[in-house]
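What follows is a short report on a single structure.
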Amino acid sequence: MVTVMKFGGTSVGSGERIRHVANIVVNRKKEDKDVVVVVSAMSEVTNALIEISQQALNIRDIDKISDFINFIKEKHYKAIEESIKSEIIKKDVKKIIDSRIDELEKVLIGVAYLGELTPKSRDYILSFGERLSSPILAGSIRDLGEKSIALEGGEAGIITDDNFGNARVKKLKVKECLTPLLKEGIIPVVTGFIGVTEEGNITTLGRGGSDYSAALIGYGLDADIIEIWTDVSGVYTTDPKLVPTAKRIPKLSYIEAMELAYFGAKVLHPRTIEPAMEKGIPILVKNTFEPENEGTLITNDIEMSDNIVKAITTIKNVALINIFGAGMVGVSGTSARIFKALGKYNVNVILISQGSSETNISIVISEEDVDKALKALKEEFGDFGKKSFLNNNLIRDVMVDKDVCVVSVVGAGMKGAKGIAGKIFTAVSESGANIKMIAQGSSEVNISFVIDEKDLINCVRKLHEKFIEKPN
């Protein structure tokens, strides 16, 4: 039986936590299972690497890089001291850490002197978080008496294209790379988040990509289960910070989990589900700090509950863009031109809605992408600031609303349920929120809408009360 266990940044946030994770892994290994571990960077490290990579562009004082390197070294040395008892193993791990930190320092100094940070070099810098945490966890596992080795994503067989920052998988050689190790009783500890091109360049899979790495490894090995270990006890009916009465969901279907992940549930990375779903591999979301908790099991089975709605998720820091123009009526290809223009600037569209009159299209994008989106639309359609219809512009006006958020109501029981949309929107109205845009996916397990961010808490609490706490 092959088990893939992924541990997030908070799970390995300190040496004490790394030792705790190592114990969880070793105990699982003792159950006569082949175990592959996927690990994230220690908490705060990836953000620190992002920050220093940007600062390095403008650094004239190399001492700032030295200060950063000292911070990284102290953090990981402390983790080694807390998670490993054997002096021999400590020495071996420190040798690896020293080598990689020296490597990191050289690339940062290179960025500072050249004044250039390419996507390729940025990925290389960001990869160090996982490349530093994995040897420490592998060392801690060895310290507990099991054989273990740290591998980078490429060494584990994750081969990607060269779309640095958000690489796509081209080949999986996971079985060839990991099966010989498992046969020898070795526990591979693989860096999450990173892969490698066929030319040998390190790539990253996008933020949250460690979950995806675990799914890819599970897929490649035909694993029996993929476990995502995090700092919460599974997937909840909504964000407990918004609604203190939120409940853990024992079971979800792949399609429900995919919708929840895409529309704001932070427990899983959106791309994690598809590889597991294709091979029917269950995903179990567990709490590293409460391992006795059952967590949430995600499978192909749609388990109908008494509640039509399973969960309510939210996405903040978004903007609603309304595109108007009577000139769009009956003109084929207008929508395609809009999305092609946005794609040229890597603007990701979260939600789409088009009026039946064809005179307006509404989209939701990340707030940070608004300027790029407006630039893209002006390049494609000209100056839509000129309001007169005599200009023959397809797009007459574009309005941006930044103080909004997306709310998504998800549940397999919604499919075919009569009047569910009306009940949802009645509850939203009772909360005092005004709906600015509505979208429903073809799967019928999700209804999403946009409201003012100031109304978010009251809206989510009202929906949670009506559909989850008191559904009848």
Side-chain angles (χ1 to χ4, degrees), residues 47 50 207-208 236-244 246 259-266 270 309 311-325 328 335 338-339 341-343 345-355 357 359-378 381 383-385 387 395-410 421 424-441 446-467:
N47 286 337
I50 291 171
R207 287 303 295 268
Y236 277 72
T237 50
T238 195
D239 185 348
K241 293 177 183 176
L242 296 178
V243 184
E259 295 282 358
L260 288 170
Y262 182 77
F263 286 103
K266 297 178 181 178
V309 172
I312 301 152
T313 61
T314 62
I315 308 178
K316 299 179 184 178
N317 302 316
V318 296
L320 173 63
I321 297 184
N322 292 306
I323 303 168
F324 303 94
M328 294 191 292
S335 296
I338 289 172
F339 297 123
L342 295 173
Y345 281 86
N346 295 316
V347 176
N348 180 45
V349 178
I350 299 167
L351 217 59
I352 307 164
S353 180
Q354 183 170 15
S357 66
T359 60
N360 72 288
I361 295 175
S362 298
I363 60 173
V364 175
I365 63 173
S366 173
E367 198 171 45
E368 64 184 18
D369 287 339
V370 168
D371 290 340
K372 288 194 296 182
L374 294 177
K375 183 178 180 182
L377 292 172
K378 283 189 176 182
F381 295 99
D383 188 2
F384 41 74
K387 304 295 178 67
I395 294 178
R396 190 177 179 194
D397 197 12
V398 174
M399 295 180 63
V400 179
D401 192 345
K402 292 185 177 181
D403 299 316
V404 298
C405 57
V406 176
V407 178
S408 294
V409 180
V410 177
I424 289 172
F425 299 138
T426 298
V428 174
S429 176
E430 290 173 356
S431 75
N434 178 46
I435 295 175
K436 299 190 168 190
M437 172 185 167
I438 302 168
Q440 182 172 18
N446 163 42
I447 294 177
S448 298
F449 52 90
V450 177
I451 62 172
D452 287 325
E453 192 165 345
K454 64 181 176 62
D455 297 323
L456 177 63
I457 294 177
N458 286 341
C459 179
V460 173
R461 287 180 177 174
K462 174 58 74 173
L463 289 167
H464 195 271
E465 176 188 354
K466 186 162 186 174
F467 291 98

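In this text, all values refer to a predicted model and were calculated from it rather than measured experimentally.
Contact between L456 and C405 at its shortest, heavy atoms only, is CD1-SG, 3.7 Å. Scanning all heavy atoms of the two residues, the minimum distance from K462 to A427 falls at CG-O, 3.2 Å. Closest approach of L320 and V404 over heavy atoms only: N-CG2, 3.8 Å. Nearest approach of V364 to M437, heavy atoms of both residues: CG2-SD, 3.8 Å. Here the closest heavy-atom approach between residue C459 and residue A433 is recorded as CB-CB, 4.3 Å.
For I438, the side chain to side chain contact (heavy atoms under 4.5 Å, CB included) partners at least two apart in sequence or on another chain are F425, I435, F449. In terms of the salt bridge (Lys or Arg N to Asp or Glu O under 4.0 Å) criterion, D455 has no residue partners (sequence neighbours excluded). Listed by chain and number, the residues in a side chain to side chain contact (heavy atoms under 4.5 Å, CB included) with N346 amount to none (sequence neighbours excluded). Take D369 and apply the side chain to side chain donor-acceptor pair (under 3.5 Å) test, not counting sequence neighbours, and it matches K372. Listed by chain and number, the residues in a side chain to side chain donor-acceptor pair (under 3.5 Å) with S362 are N322 (sequence neighbours excluded). Partners of T314 by side chain to side chain donor-acceptor pair (under 3.5 Å), not counting sequence neighbours: none found. Under the side chain to side chain donor-acceptor pair (under 3.5 Å) criterion, K436 pairs with D401, D452, sequence neighbours left out. Under the side chain to side chain contact (heavy atoms under 4.5 Å, CB included) criterion, S429 pairs with no residue, sequence neighbours left out. Annotation: side chain to side chain contact (heavy atoms under 4.5 Å, CB included) contacts of E368 (sequence neighbours excluded): S366.
Legend: salt bridge (Lys or Arg N to Asp or Glu O under 4.0 Å) pairs involving residues 313-322, not counting sequence neighbours: none detected.
Interatomic distance, S448 OG to I350 CD1, rounded to the nearest 0.5 Å: 10.5 Å. E430 CD to E465 CD: the interatomic distance, rounded to the nearest 0.5 Å, is 9.0 Å. The distance from the CD1 atom of I365 to the CG atom of L374 is 7.5 Å, given to the nearest 0.5 Å. With rounding to the nearest 0.5 angstrom, the CD atom of E367 is 13.0 Å from the CD1 atom of I315. F263 contributes atom CZ, which lies 11.5 Å from atom CD1 of I447 (distance to the nearest 0.5 angstrom). Atoms CD1 and CD1, from I352 and I361 in turn, are 9.0 Å apart once rounded to the nearest 0.5 Å.
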Show me the donor-acceptor pairs, under 3.5 Å and distance only, between side chains in residues 236-243 and residues at least two apart or in other chains.
from, atom 1, to, atom 2, distance (Å)
T237, OG1, K247, N, 2.9
T237, OG1, K247, O, 3.4
T237, OG1, H464, NE2, 2.7
T238, OG1, I312, O, 2.8
D239, OD1, K241, N, 2.9

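Side-chain contact between T426 and K466: present, with at least one pair of heavy atoms (C-beta onward) separated by less than 4.5 Å.
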